[in-house]
Amino acid sequence: QMAVRLSVVLLLSLLIEATAFISTLGTGSCSQSAKLSARRGTCMARRKVNLGMALRDEDSDDDDEEVPLAVKMDALRRMQSYKSMQSGETSLQSGLIKFSETPMEVSVKDLRDVLADIEKTDFAGQEPFLLDVREEDEYSLCRIEGATLLPMSQMKTRFDEVPKDKTVFVYCHHGTRSMQVVRYLRTKGWKRVTNVDGGIDQWSEIVDRSVPRY
């Protein structure tokens, strides 16, 4: 009987160990399967990303190929020509570039000196043209003496009123609108036109404090 009991206990212990071993194998296989699934998912995601990038690259290449080279070169030449006109450049037949003697922009002190020189000397017919491009309500508040009003809002229909045979000093409140007008006039063929940096606000602060500020 003792032998039988020992045999039963031994058999039960073997069964318990076998069950534990089998469960361990099952857990390991499940974890390995999960790891393999995760790796496969990562690989698939990477493949999708790479495929999407490749498709986008192909689309961009197709877009570039849709625009003919001649059209691109023509657009580049137009842009360079526009910038040259704005900066006062003139292309000569020799291939050289001649720059306008009139700078794109001057300070209020420069304008003051020019006007002072005109008063001291006889420059009949060579007086500069002072152009105020603010609106009428601003002009009624204050102005630089001798200036002609031509609002920027009317420039496209009245630009031919600006003389070409004189140096034109353009000013506004702070110098932003007047610079736009200078660039616009240069594209229309005006070469002796320049912006007054700081506008009438700087003129009031630095040159003539009797001119009201607003």
Engineer: Starting at CD of E127, measure out to OG1 of T167 and round the result to the nearest 0.5 Å.
Structural biologist: 11.0 Å
Engineer: For residues 207-214, tabulate all N or O donor-acceptor pairs below 3.5 Å that involve a side-chain atom, not counting sequence neighbours.
Structural biologist:
| residue | atom | partner | partner atom | Å |
| --- | --- | --- | --- | --- |
| D208 | OD1 | S210 | N | 3.1 |
| D208 | OD1 | S210 | OG | 2.4 |
| D208 | OD2 | S210 | OG | 3.2 |
| R209 | NH2 | E205 | O | 3.3 |
| R213 | NE | D201 | OD1 | 3.1 |
| R213 | NH2 | D201 | OD1 | 3.2 |
| R213 | NH2 | D201 | OD2 | 3.1 |
| Y214 | OH | R134 | NH1 | 3.1 |
| Y214 | OH | E138 | OE2 | 2.8 |

Engineer: Of all the heavy-atom pairs spanning R143 and I200, show the shortest one and how long it is.
Structural biologist: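 Smallest heavy-atom distance, with atoms named: CA-CD1, 3.6 Å.
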Engineer: According to side chain to side chain contact (heavy atoms under 4.5 Å, CB included), who are the partners of K109, at least two apart in sequence or on a separate chain?
Structural biologist: S107, R112, I206
Engineer: Show your reasoning for whether side-chain contact (heavy atoms from CB on, under 4.5 Å) applies to D132 and I144.
Structural biologist: CA-CA 8 Å; D132 189 330; I144 300 177; over 6 Å; no
Engineer: With sequence neighbours excluded, give me every ring-ring contact (aromatic ring centres under 6.0 Å, His included) pair touching residues 192-211.
Structural biologist: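 Residue pairs with at least one partner in residues 192-211: there are none.
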Engineer: What heavy-atom pair brings T157 and D160 nearest, and what distance separates the two atoms?
Structural biologist: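 That would be O-OD1, 4.3 Å.
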Engineer: With hydrophobic residues grouped by side-chain heavy-atom distances under 4.5 Å, do M152 and V168 end up in a single group?
Structural biologist: yes
Engineer: Would you name the heavy atoms of V133 and M155 that are closest together and state the gap between them?
Structural biologist: CG1-CE, 4.0 Å
Engineer: For a 4.5 angstrom cut-off between non-hydrogen side-chain atoms, does V181 reach R177?
Structural biologist: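 Result no, sub-4.5 Å side-chain heavy-atom pair not found.
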Engineer: Would F169 and L115 count as a side-chain contact (heavy atoms from CB on, under 4.5 Å) here? Give the steps.
Structural biologist: CA-CA 11 Å; F169 291 88; L115 296 178; over 6 Å; no
Engineer: Is the closest side-chain heavy-atom distance between R158 and P151 below 4.5 Å?
Structural biologist: yes
Engineer: With sequence neighbours left out, write down each residue that passes salt bridge (Lys or Arg N to Asp or Glu O under 4.0 Å) with E135, or none if nothing qualifies.
Structural biologist: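 Scan of E135 (salt bridge (Lys or Arg N to Asp or Glu O under 4.0 Å), adjacent residues dropped) gives none.
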Engineer: Which pairs with one or both residues in residues 132-152 pass ring-ring contact (aromatic ring centres under 6.0 Å, His included), sequence neighbours excluded?
Structural biologist: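 ring-ring contact (aromatic ring centres under 6.0 Å, His included) check on residues 132-152 returns no pairs.
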Engineer: Which is it for T102 and K191 under the side-chain contact (heavy atoms from CB on, under 4.5 Å) test, yes or no, and what are the steps along the way?
Structural biologist: CA-CA 7 Å; T102 304; K191 301 184 183 300; over 6 Å; no
Engineer: Do V162 and L131 come within less than 4.5 Å of each other through their side chains, counting heavy atoms only?
Structural biologist: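 Yes, at least one pair of side-chain atoms sits under 4.5 Å.
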Engineer: T194: which residues meet the side-chain hydrogen bond (donor to acceptor under 3.5 Å, both in side chains) condition with it, sequence neighbours left out?
Structural biologist: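 So T194 forms no side-chain hydrogen bond (donor to acceptor under 3.5 Å, both in side chains) with any residue.
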Engineer: Got a second to check how far S178's OG is from E105's CD, nearest 0.5 Å?
Structural biologist: 7.5 Å
Engineer: Taking all non-hydrogen atoms of both residues into account, name the closest pair between P103 and V106 and its distance.
Structural biologist: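 Result for this residue pair: CG-CG1, 3.8 Å.
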Engineer: Where do K164 and F129 land on the side-chain contact (heavy atoms from CB on, under 4.5 Å) test, with the steps shown first?
Structural biologist: CA-CA 10 Å; K164 280 189 173 183; F129 187 81; over 6 Å; no
Engineer: Do the side chains of L149 and M179 join up, straight or via other hydrophobic residues, at under 4.5 Å, putting them in one cluster?
Structural biologist: no
